[in-house]
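Order of the sequence lines sets the chain letters (A, B, ...), proteins ahead of strands, with each chain counted from 1.
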Amino acid sequence: MTNKKRYTVTSALPYANGALHLGHLAGAYLPADIYVRYLRLLGKDVVFVCGSDEHGAAITIRAKKEGISPRDIIDKYHSLNKETFERLGISFDIYHRTSAALHHETSQEFFKLLYDKGGEFEERTNEQYYDAEFNQFLADRYIVGTCPKCAHEEAYGDQCENCGSTLSPRELINPRSTLSGNTPELKETTHWFFKLDKHADWLREWVKEGTLEGAQHHDPKTWKNHVTGQCLSWLDGEDGLQPRAITRDLDWGIPVPLEGAEGKVLYVWFDAPIGYISATKQWAKDNGKDWKDYWQSEDTELVHFIGKDNIVFHCIVFPAMLKAHGDYILPVNVPANQFLNFEGRKFSKSKGWGIEQHQYLEEFKDFPNKEDALRYTLIRNAPENKDSDFKWDEFVDFHDNELVGNLGNFINRVVVLTNKYYEGVVPQVNSDSQVLKDAFALVQTFQKNVEAFKFRDALQTFLELSSLGNTYLQDVSPWKVWKEDPESLEVKECLSNCIQIVTILSVLCEPFIPFSSEKIRSLINLPKVENGDLQKLLNQLQNKETLISEGHQLGEPELLFAKINDRKDASRMQLIEKQKQHLEDILAAEKANDRAPIKPEITYDDFVKLDVRTGTILTAEKVEKADKLLKLTVDIGLEVRTVVSGIAKHYKPEDIIGQQVLLLANLAPRKLRGVMSQGMILMAEDENGKLVFVQPGETWGNGHQVS
RNA sequence: GGCGAGGUAGCUCAGCUGGUUAGAGCGCCAGAUUCAUAAUCUGGAGGUCGAGAGUUCAAGUCUCUCUCUCGCUACCA
């Protein structure tokens, strides 16, 4: 954290074509929310913006296929995501949308300014395939056709998956649109490209050294390794930076603000990051602020929170745009997170693997602490520097051990004891005791961690503070002293110190578990934490002032958190078991469905076209520069064939010499990794992908037919 | 094969620019305690830091080689 006057914090704009899952939350939204809430607690001037990214071909295509309008789709997901974030306590100052008129204007102005300035864009005209029925130009992957190299009939416009050739759509024989199935026509079209390449030099210096035009802009050591690494691999990559198209032929998006550019819109990655700016504008308008203070003032720190898939856009492309424009500040940090997996696998919507944010809220609607339980677990195990894994068992452990056993229990002990001994009134205070000094030290460590975007460590430090309280309480054991002497000063001091610690906890936890913070405050009968409260607390600790004064009346004891693994009430554990069962069902279903369905019927004539022969492997060797390929020579009686087979992962060359096999002998020859393969070895594959030779059941001569 | 990340206690992981007996949490074992949601506190066991070589007075920490894992990618089935 720099000591700037203002802070502009952004979270990646979600694409309004679907719901978000826990990985998104852990990656870009929760960390940003924590940082922002922390800044607010310090009394900083901060704006936290986000919103829906609502343009792009995926939305129009889906709309056409479903027979609804793009507007229907974006409205649905915009409200779903906005509302879900709210319910989870993600405290955006504004959740805007890129379909808003203000955003269209802002993007067009931005484009126009770069265009008029000259030197930033170039125009390129070429012919592209066009689907007349769907009335749009086709991206490469929306075109299929016959591969010119291997005659595979389902090759994509950019690549043939059969022979691996890199293709361009024009090379396909019999191209078809995947939208309408029709043959697309070629049409000439013009697009604008942003000359990213001309920005490479200063970008490299900016990323590597943190300097901008000779001046120190940020400390590059504060950037995460994987962020810097990925940027440099782009900047120093084989082809370096290339001009990138920033327009598309589409009827859904922001029209290119130029004469003769009808039917063209700004491409998503040009338009989406500008969404941060337009969101800020709208917020400023609604709140009587000047948006320029937050984007064009050197006194402002800009931070983008994103997932690792977005690093290049936020560390290279968008900064280049901002710099090209000239009036804008650049991000001081882009603390991108890696990915969160779910129970050992990637989130997969189609397979039902994982859980979406709104689903979680729905499934756990009867769980008392659902928002903070989730926030806590996701941060506790956030993919800050490497991919991490969400597990239900850990969710239960973290919740029950740390939130309930450590934090909740400490607070409860303190409130119960104070109520028992002093009717809930804060006893005599000594704000200069050692335990409070220790607590202050932990608060400072906590701050250091948050400011370095180490939220996992911050949470751990937070928990250490709660542990400090438990240990202290145990050491003094006021319940023992009390039995001897109910008027003991030691007991009063101990409990008062504990109450001070609870007060600190109630503030520190607010960025992470805001709902619980409020509950803790009500237990100690203080108002909800508000902006600047942490700063106030720091000053008080520094000056050894009391945080909560003698005579203050606490609230009634009440349990903060309910254990999940509760012997008296199984209901919460059942929620978890249900989730785990759901995953097991998916796995079981996968296993059951693993046998591929029977292919479409063929005739006997089709079958007899195959010439399968018995054979024996004579020699085998690895094919160079290929992990899976073995080059075999196979004796099929009449002749010896050279066959390349993808079995290197399953068999060592020396182990299969003499192996009897079945060979598809009349398959068209094909070159693989430079070796001509004359036929194909028949293999059987099980559900784990294990391959095994298919062979005659007894020793058999070579060259006999299989029928 | 290429690119990237990584192999540190049973599990999940910290260990920055090389420097005293390698750490935390969970789990396990033992004990203390009863204010508290079978919570808490204390102590203990457990690691030749993937393998080998090298640089160095000194290496999880630097260099090289090898090996294995994961992701992307290429080649497949």
Quiz item: Which residue pairs pass the side-chain hydrogen bond (donor to acceptor under 3.5 Å, both in side chains) test when at least one of the two sits in residues 484-495 of chain A, sequence neighbours left out?
Solution: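 Those involving residues 484-495 of chain A are A:Asn430-A:Glu493.
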Do the rings of A:Phe395 and A:Phe390 sit parallel, tilted or perpendicular, given the 30° and 60° boundaries?
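Aromatic pair A:Phe395/A:Phe390 classed tilted.
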5' to 3', nucleotides 27-41 of chain B under a 4.0 Å protein heavy-atom cut-off (B base, S sugar-phosphate only, - none) gives ------SSBBBBSBS
B:G60 glycosidic conformation (syn if within 90° of 0, otherwise anti) is syn
When rounded to whole Å, the CG to P distance for the pair A:Asp389 and B:U12 reads 10 Å
Quiz item: How far, in whole Å, is B:C70 from B:C26 if one measures between their C1' atoms?
Solution: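 So the two C1' atoms sit 24 Å from each other.
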- Item | B:C13 to B:G50 separation - P atoms, rounded to the nearest Å | 15 Å
Rounded to whole Å, the CD1-P distance (A:Ile379 to B:C13) equals 17 Å
Taken to the nearest whole Å, CD/A:Glu464 to C1'/B:G23 is 12 Å
note: A:Asn341, atom CG; B:G6, atom C1'; distance rounded to Å ~ 14 Å
Whole-Å distance, A:Leu459 CG to B:C26 P, equals 14 Å
Heavy atoms under 4.0 Å, any strand shown: does A:Gln460 hit a base, just sugar-phosphate, or nothing?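 A:Gln460: backbone/sugar contact only, no base atoms under 4.0 Å.
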Residues in residues 517-526 of chain A with a heavy atom under 4.0 Å of RNA chain B, by number, are none
To the nearest angstrom, the CG-C1' distance between A:Asp457 and B:G15 comes to 11 Å
A:Glu402 atom CD is separated from B:C26 atom C1', nearest whole Å, by 9 Å
query = What's the CD-C1' distance between A:Glu621 and B:G1, to the nearest Å?
reply =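 Nearest whole value for this atom pair: 16 Å.
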In short, A:Asn419 meets A:Gly555 closest at the heavy-atom pair ND2-O, 3.2 Å
What orientation do A:Phe462 and A:Phe446 show, parallel under 30°, tilted 30 to 60°, or perpendicular over 60°?
->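 Plane angle between 30° and 60°, so tilted.
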| query | Only one of A:Ile636, A:Thr614, A:Ile681 forms a side chain to side chain contact (heavy atoms under 4.5 Å, CB included) with A:Leu662, so which one is it? | reply |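 Among A:Ile636, A:Thr614, A:Ile681, the one that satisfies the side chain to side chain contact (heavy atoms under 4.5 Å, CB included) with A:Leu662 is A:Thr614.
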| request: Measure the acute angle between the ring planes of A:Phe512 and A:Phe455, then classify it against the limits of 30° and 60° as parallel, tilted or perpendicular. | output: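 The rings of A:Phe512 and A:Phe455 stand perpendicular, inter-plane angle above 60°.
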